[in-house]
Amino acid sequence: MGKDVRGRRSELGGLGPDSDVGGLSTTVGMAIAEMVRTTLGPRGMDKMLVDRDGMVVVTNDGYTLLGQLNVDADLVPAAKLLVELAGSQEESVGDGTTTAILLAGTLLGEAETLLDRGVHPRTITRGYHLAAEKFRDVSGEHATSVAESDTETLRDVTRIAMSGTGSYVDDGVLANRMVEAAQVLARGGQIRADDLLVEKVPGGTVADTTISRGLLLDIQPVHVNMPERVKSARIACLRTDLAVRQPRSDLGDVVVRDADDYRNVREYEDRNLRTTLRALEASGADVVFSNDSISEPAQRWLAERDIMAARRVATSDLERIARATGAMLAADVASLEAEDLGSADLVERRDCGGADLLAIETGEESIRASLVLRGGAEHALDEMERAVVNGLGALAAVHQDPRVVPGGGALEVAAALAIREYADSVTGREQLAVRAFADALEAIPRTLAENAGLDPLDGIIELRRRHAAGERAVGIDAVYGRIGDVVEAGVVEPAGIKERLVASATEVTNRILLIDDVLAASDEDDR
Ligand code: ADP
Ligand code: MG
């Protein structure tokens with residue numbers, strides 16, 4: 001498969017400045033769609049790519065795949081726009097990347113046929129636009145609303161979104177944890193990926209994956225004599241060290257000439273450090289995090305007073321702690337006040353399957369959750385993490401817009417039927433483009449069927465027939481490799497993601513067609 005892709009690359013990379021760029025975009029689009037085709041759906045295959053440095057990359061993710069493409073974006077605007085389409089889909093929702101690329105590429109392919117028949121690009125883009133609007137209507141008609149309490153459907157949505165990222169297929173265990181996590185995150189109003197912390201601890205099984213309120217970080221207290229557990233913690237977040245400062249005079253560094261000087265300097269340092277530590281204690285802090293160092297004497301001093309402290313905390317973690325607990329990031333300890341501290345119900349060291357983590361529980365009000373992923377080796381955990389990102393994206397989408405639609409290509413078949421019917425009412429050559437759009441939509445069920453080992457042609461025929469007979473939820477049940485009621489099988493997707501994906505794939509396709517039109521016109525007026 002790597003060979004396949006490299007072949008494409010040289011094909012794309014072989015373009016010189018003299019190449020005929022106008023009209024090429026459709027070919028490029030089709031090639032890219034072809035590339036991601038075999039990865040669609042839960043039974044999609046992983047692709048093995050060899051990157052520029054000869055490193056092997058194995059992925060099932062449309063976005064990762066496109067990231068490996070080596071094309072000169074200036075020469076092939078179509079490729080650049082498709083990569084951007086994948087990127088925006090990936091960033092905004094995490095899911096639906098492959099479908100978006102496949103749809104855009106197929107729309108470009110259909111457009112090529114129409115262009116060959118003499119249909120003007122603008123006519124095609126108008127027809128595509130009309131059809132995309134119709135798709136949205138159909139999606140609205142087929143959507144059902146999920147209640148926030150309907151954890152079963154939420155789990156299904158999550159499971160389906162998680163299934164397409166790699167060889168990782170969730171049997172519902174992880175999806176259940178994700179739904180729990182989403183319930184915590186939803187308290188913040190909107191579910192933000194940033195508010196879910198993921199720690200990966202190799203070993204165990206997926207069932208050992210835990211979700212906890214608040215933060216769970218890979219942080220260890222500095223001193224063995226420090227408390228393991230602090231209830232109703234008052235937390236100081238320091239962007240400075242707790243160590244001796246080199247004394248400085250206005251004239252520069254202090255120069256030590258003899259033993260007296262040395263003693264004086266030491267005393268000065270000790271006094272300084274002690275003043276700082278006393279200020280820290282006076283603020284009422286009983287847990288201290290610093291992104292800098294905490295010297296040995298300071299550690300002992302803190303341990304003696306039952307203050308838990310951790311040093312060299314990653315700045316990103318420090319910021320997270322500050323946000324989650326309401327602490328201020330303090331750069332100057334001497335002026336630290338009680339109100340600068342954050343608070344947590346509990347800070348404790350916790351053994352998570354052999355990994356020593358620090359839990360910071362911020363209570364019922366918390367809008368942050370931590371997931372400790374278990375099960376398998378590091379590589380498997382990375383794959384799970386990618387799945388988690390997609391699952392969370394789907395949960396966030398449903399939280400924003402609670403409608404879900406049948407997956408497994410069912411909605412696409414229904415929409416294709418409705419759009420073909422609608423095409424009859426469209427006047428002019430736009431009608432052809434509207435029909436072509438319906439055909440392109442069917443690439444999704446067709447591809448899912450193919451990847452699930454079904455005959456794609458027979459599959460489409462059966463799907464069309466049953467939808468025409470009113471079976472609205474019939475699609476490809478990819479896990480069992482059969483055609484049936486996908487809603488019953490729990491294959492549902494957020495309507496918002498689907499609608500957005502179809503809209504942006506159409507928009508990008510249309511932009512590519514119009515750029516081509518301009519390029520062709522400026523090249524030579526041969527049309
Ligand atoms: P994308 O990057 O577009 O999300 P995926 O590889 O995740 O690509 O595939 C998504 C498609 O797979 C959707 O059409 C979805 O409905 C379908 N799908 C996911 N799980 C199943 C399943 N168990 N049965 C049938 N179709 C499924
Ligand atoms: Mg997916």
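Read the numbers this way: they start at 1 and go in the same order the structure lists the ligands and their atoms.
Ligand 1 has no N or O atom lying under 3.5 Å from any N or O atom of D477, backbone or side chain. Taking only nitrogen or oxygen atoms, main chain and side chain alike, I444 does not reach within less than 3.5 Å of ligand 1. At under 3.5 Å, not a single nitrogen or oxygen of E412, backbone or side chain, sits near a nitrogen or oxygen of ligand 1. Looking at A100 next to ligand 1, no N or O pair under 3.5 Å apart turns up.
Under the side chain to side chain contact (heavy atoms under 4.5 Å, CB included) rule, R126 has a single partner from T123, L130, I124, which is T123.
Taking every heavy atom of V479 and a limit of under 4.0 angstrom, the matching atoms of ligand 1 come to 23 (N). For ligand 1, the atoms closer than 4.0 angstrom to any heavy atom of G96 are 1 (P), 2 (O), 3 (O), 4 (O). Under a 4.0 Å criterion applied to the non-hydrogen atoms of T98, ligand 1 contributes the atoms 1 (P), 2 (O), 3 (O), 8 (O). Proximity to T97 (heavy-atom distance under 4.0 Å) selects the following atoms of ligand 1: 1 (P), 2 (O), 3 (O). Heavy-atom contacts of I476 reach the following atoms of ligand 1: 24 (N), 25 (C), 26 (N) (cutoff under 4.0 Å). Per-residue contacts place G407 under 4.0 angstrom from the following atoms of ligand 1 (heavy atoms of the residue considered): 16 (O).
A donor-acceptor contact closer than 3.5 angstrom is absent between the side chains of Q89 and T97. Under the 3.5 Å distance criterion, with hydrogens and angles disregarded, a donor-acceptor pair is assigned to the side chains of T153 and D150.
Looking only at distances, a side-chain donor or acceptor of S370 sits under 3.5 Å from a matching main-chain atom of G214.
Contact annotation: for V491 versus ligand 1, heavy atoms closer than 4.0 Å belong to the side chain alone. By the criterion of a heavy-atom distance under 4.0 Å, both the backbone and the side chain of A478 are placed next to ligand 1. Here L448 has side-chain heavy atoms under 4.0 Å from ligand 1, and that is the only part of it that gets that close.
In terms of the salt bridge (charged side-chain N to carboxylate O under 4.0 Å, His left out) criterion, E91 has no residue partners (sequence neighbours excluded).
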